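Bear in mind the structure is a predicted one, so any value in this text is a computation, not a measurement.
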Amino acid sequence: MAEGFVEGELSTEPDWYVLWRAEEIEEFNHDYGLAGYAPGFITFGGNGGGELLVVNEQGEVFYMSAIGMAPNTAVKIANNLQEFKGYMQQ
């Protein structure tokens, strides 16, 4: 594990996770344009292969492609962050 972020296998799609440092989250959300392309979602990581890990206003966890991102492309993978954490393997 590198200092400042965590990555590893997921026991669900998208199979791999990379969690960004808390101080990077706002910048990543701005750089990816989530407010414009996928309003209501916040990204907190990715899979290292073009998929973003996102959470909605209800706290549900999804993944969506960084290219062609839109709310209707989000694939739900967990009801909340605690459930998502259960899929993480380090």
Side-chain angles (χ1 to χ4, degrees):
M1 179 171 67
E3 184 176 336
F5 70 94
V6 178
E7 68 179 291
E9 284 188 59
L10 278 176
S11 60
T12 188
E13 294 291 327
D15 298 324
W16 191 260
Y17 68 90
V18 178
L19 304 182
W20 298 317
R21 294 182 296 223
E23 61 269 17
E24 295 176 320
I25 290 176
E26 185 176 338
E27 179 181 346
F28 277 110
N29 278 276
H30 177 269
D31 290 350
Y32 280 108
L34 260 78
Y37 294 113
F41 289 92
I42 295 173
T43 183
F44 62 93
N47 74 339
E51 303 287 339
L52 298 176
L53 295 169
V54 298
V55 63
N56 68 8
E57 294 167 343
Q58 291 75 41
E60 299 167 310
V61 181
F62 301 78
Y63 71 91
M64 69 172 68
S65 178
I67 298 174
M69 100 176 59
N72 65 345
T73 66
V75 177
K76 186 175 176 180
I77 54 176
N79 290 315
N80 53 52
L81 287 169
Q82 190 63 33
E83 181 181 341
F84 175 77
K85 186 177 178 181
Y87 297 134
M88 294 168 57
Q89 302 171 23
Q90 294 183 6

*Rounded to the nearest 0.5 Å, how far apart are CZ of F44 and CZ of F84?*
4.5 Å
Which atom pairs, donor and acceptor, lie under 3.5 Å between side-chain atoms of residues 26-37 and protein residues at least two apart or in another chain?
{"from": "N29", "atom 1": "OD1", "to": "T43", "atom 2": "N", "distance (Å)": "2.8"}
{"from": "N29", "atom 1": "ND2", "to": "I25", "atom 2": "O", "distance (Å)": "2.8"}
{"from": "N29", "atom 1": "ND2", "to": "T43", "atom 2": "O", "distance (Å)": "2.9"}

_Applying salt bridge (charged side-chain N to carboxylate O under 4.0 Å, His left out) as the test, list every pair that has at least one member in residues 40-52; sequence neighbours left out._
none
_Worked verdict on M64 versus F41 for side chain to side chain contact (heavy atoms under 4.5 Å, CB included)_ = CA-CA 10 Å; M64 69 172 68; F41 289 92; 4.0 Å; yes
Let me check something: any side-chain donor-acceptor pairs from residues 67-78 under 3.5 Å, sequence neighbours excluded? List them with distances.
{"from": "T73", "atom 1": "OG1", "to": "A70", "atom 2": "N", "distance (Å)": "3.3"}
{"from": "T73", "atom 1": "OG1", "to": "A70", "atom 2": "O", "distance (Å)": "2.7"}
{"from": "K76", "atom 1": "NZ", "to": "E60", "atom 2": "OE2", "distance (Å)": "2.9"}
{"from": "K76", "atom 1": "NZ", "to": "N79", "atom 2": "OD1", "distance (Å)": "2.8"}

*Which pair of non-hydrogen atoms, one from L19 and one from M88, has the smallest distance, and what is that distance?*
CD1-CE, 3.6 Å
*Would you say the side chains of E9 and W16 form a donor-acceptor pair under 3.5 Å?*
no
*asked:* The test is side chain to side chain contact (heavy atoms under 4.5 Å, CB included); show your working for L81 and V61 and say whether it passes.
replied: CA-CA 7 Å; L81 287 169; V61 181; 3.7 Å; yes
*Can you name the residues that form a side-chain hydrogen bond (donor to acceptor under 3.5 Å, both in side chains) with Q58, not counting sequence neighbours?*
N56
*asked:* With side-chain contact (heavy atoms from CB on, under 4.5 Å) as the test, pick out the partner of F62 among L52, V54, L53, V55.
replied: V54
